[in-house]
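Working notes for the structure below.
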Amino acid sequence: MGTIASDDATKIRTFMTMKDAWERKHWRQCADLMTEDGILHSVMLEPCKGRENFFDRIRKTERPNKQVKLHIRSIGVAGGLLFVERNDEIIIDGIGRFIPTVGVLEFVGGRISHWREYYDRPTLLAAVQEPVRR
């Protein structure tokens, strides 16, 4: 097996920093890993353009009874792009639900410039519903 090029290792390290900050709800740190004009595109929604719009969008998803854990299944660089296959776990009131997800990321100057997310939207919407109390 070959060695990982230093720029590829930087891309992986940047995503892992994003993952850790996301799980800790450190939204400013997440946003600062994007370029100023960076794009987050959950492909079934309109793209979110710009670092500050990204910050506002992710900050608005926070709830005190909600946690998110990103379980990485595979990660690697091909053709200059970072590919991350994950099972995103959304935990609400202690109940976790999983959303299989693939992210494809582009970088400029060590920051994320374009992040495309592929997942099943109905699965995500079901995962973020408050658990039913009986």
Side-chain angles (χ1 to χ4, degrees):
M1 182 160 86
T3 59
I4 298 175
S6 65
D7 59 331
D8 293 350
T10 298
K11 292 172 184 177
I12 292 170
R13 200 167 34 257
T14 298
F15 184 81
M16 296 305 290
T17 300
M18 174 72 76
K19 171 197 176 301
D20 292 341
W22 199 288
E23 290 177 350
R24 292 187 327 265
K25 302 181 183 182
H26 291 181
W27 308 129
R28 182 76 263 160
Q29 183 181 8
C30 291
D32 289 345
L33 293 169
M34 301 287 287
T35 60
E36 187 174 330
D37 60 349
I39 298 169
L40 172 64
H41 189 188
S42 298
V43 296
M44 67 294 306
L45 301 172
E46 287 296 313
C48 176
K49 298 179 181 179
R51 179 186 296 148
E52 293 312 309
N53 290 330
F54 172 77
F55 174 72
D56 289 340
R57 179 172 168 181
I58 61 176
R59 190 173 48 107
K60 288 177 184 173
T61 67
E62 182 178 347
R63 296 198 312 249
N65 65 333
K66 176 182 164 193
Q67 290 180 280
V68 176
K69 292 185 180 178
L70 308 179
H71 302 279
I72 296 176
R73 295 177 50 91
S74 60
I75 188 168
V77 178
L81 302 173
L82 179 67
F83 292 83
V84 185
E85 179 188 20
R86 315 183 309 264
N87 273 324
D88 293 355
E89 182 180 15
I90 297 178
I91 305 161
I92 299 176
D93 292 336
I95 299 171
R97 296 184 181 102
F98 291 89
I99 302 96
T101 305
V102 172
V104 180
L105 296 88
E106 299 175 34
F107 291 79
V108 172
R111 293 181 191 237
I112 300 165
S113 60
H114 198 145
W115 181 356
R116 291 180 297 280
E117 288 280 278
Y118 299 88
Y119 55 86
D120 180 64
R121 184 126 175 99
T123 302
L124 172 68
L125 293 176
V128 297
Q129 298 296 316
E130 294 287 335
V132 176
R133 300 284 181 210
R134 297 182 191 246

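For the atom pair CD1 (Ile58) and CE (Met18), the distance works out to 6.5 Å, reported to the nearest 0.5 Å. Note: Trp27 CH2 to Asp32 CG = 14.0 Å, rounded to the nearest 0.5 Å. In this structure, NE2 on His114 lies 10.0 Å from OG1 on Thr35, to the nearest 0.5 angstrom. The CG atom of Asp88 lies 9.0 Å from the CH2 atom of Trp22; values are rounded to the nearest 0.5 Å. Distance OG1/Thr101 to CG/Asp120: 9.5 Å, rounded to 0.5 Å. Atom CZ in Arg13 sits 12.0 Å away from atom CG in Leu82 (nearest 0.5 Å).
Under a 3.5 Å cut-off, the side chain of Ser113 and the backbone N or O of Glu106 do form a donor-acceptor pair. Between the Glu117 side chain and the Leu40 main chain, no donor and acceptor come within less than 3.5 Å of each other. Side-chain atoms of Lys25 do not come within 3.5 Å of backbone N or O of Val68 as any donor-acceptor pair.
In terms of heavy atoms, Ile39 sits closest to Pro47 at CG2-CB, 3.8 Å. Between Glu23 and Leu70, the shortest heavy-atom distance links the atoms OE2-N, 2.7 Å.
For the pair Ser42 and Arg57, the minimum side-chain heavy-atom distance is below 4.5 Å. The shortest distance between side-chain heavy atoms of Val104 and Tyr118 falls below 4.5 Å. In this structure the side chain of Arg116 reaches within 4.5 angstrom of the side chain of Leu81, judged on heavy atoms. Using a 4.5 Å heavy-atom threshold, the side chains of Ile112 and Phe107 count as touching. Contact of the Lys69 side chain with the Ile91 side chain is registered, since non-hydrogen atoms from C-beta on lie closer than 4.5 Å.
Contacts of Phe83 classified as ring-ring contact (aromatic ring centres under 6.0 Å, His included), with partners at least two apart in sequence or in another chain: none. Residues passing the ring-ring contact (aromatic ring centres under 6.0 Å, His included) test with His41: none are found, sequence neighbours excluded. With sequence neighbours left out, the salt bridge (Lys or Arg N to Asp or Glu O under 4.0 Å) criterion links Glu62 to no other residue. Legend: residues meeting side-chain contact (heavy atoms from CB on, under 4.5 Å) with Met16, ordered by chain and number and at least two apart, are Ile12, Lys19, Ile72, Ile75. Looking at residues two or more places apart in sequence or on another chain, you find a side-chain contact (heavy atoms from CB on, under 4.5 Å) between Thr17 and Gln29, Leu33.
With salt bridges taken as basic N to acidic carboxylate O contacts below 4.0 Å, none links Arg111 and Glu36. The residues Glu52 and Arg28 are annotated as salt-bridged, a charged nitrogen and a carboxylate oxygen being separated by less than 4.0 angstrom.
Side-chain contact, Ser74 with Glu85: a donor N or O sits under 3.5 Å from an acceptor N or O.
For Lys49, the NZ atom sits in a loose shell: 12 or fewer heavy atoms of surrounding residues, nucleotides or ligands are nearer than 6.0 Å. The number of heavy atoms from other shown groups lying within 6.0 Å of CZ (Arg73) does not exceed 12.
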**OP:** In sequence, state the C-alpha distance, the side-chain angles, and the governing distance for Lys60 and Asp56, and then conclude on salt bridge (charged side-chain N to carboxylate O under 4.0 Å, His left out).
**Re:** CA-CA 6 Å; Lys60 288 177 184 173; Asp56 289 340; 5.6 Å; no
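Criterion: ILVMFWY side-chain heavy atoms under 4.5 Å apart, direct or through other members. Under it, Val108 and Trp115 are not part of a common hydrophobic cluster.
Among residue pairs with one or both ends in residues 46-81, those qualifying as ring-ring contact (aromatic ring centres under 6.0 Å, His included) are His71-Phe98; sequence neighbours excluded.
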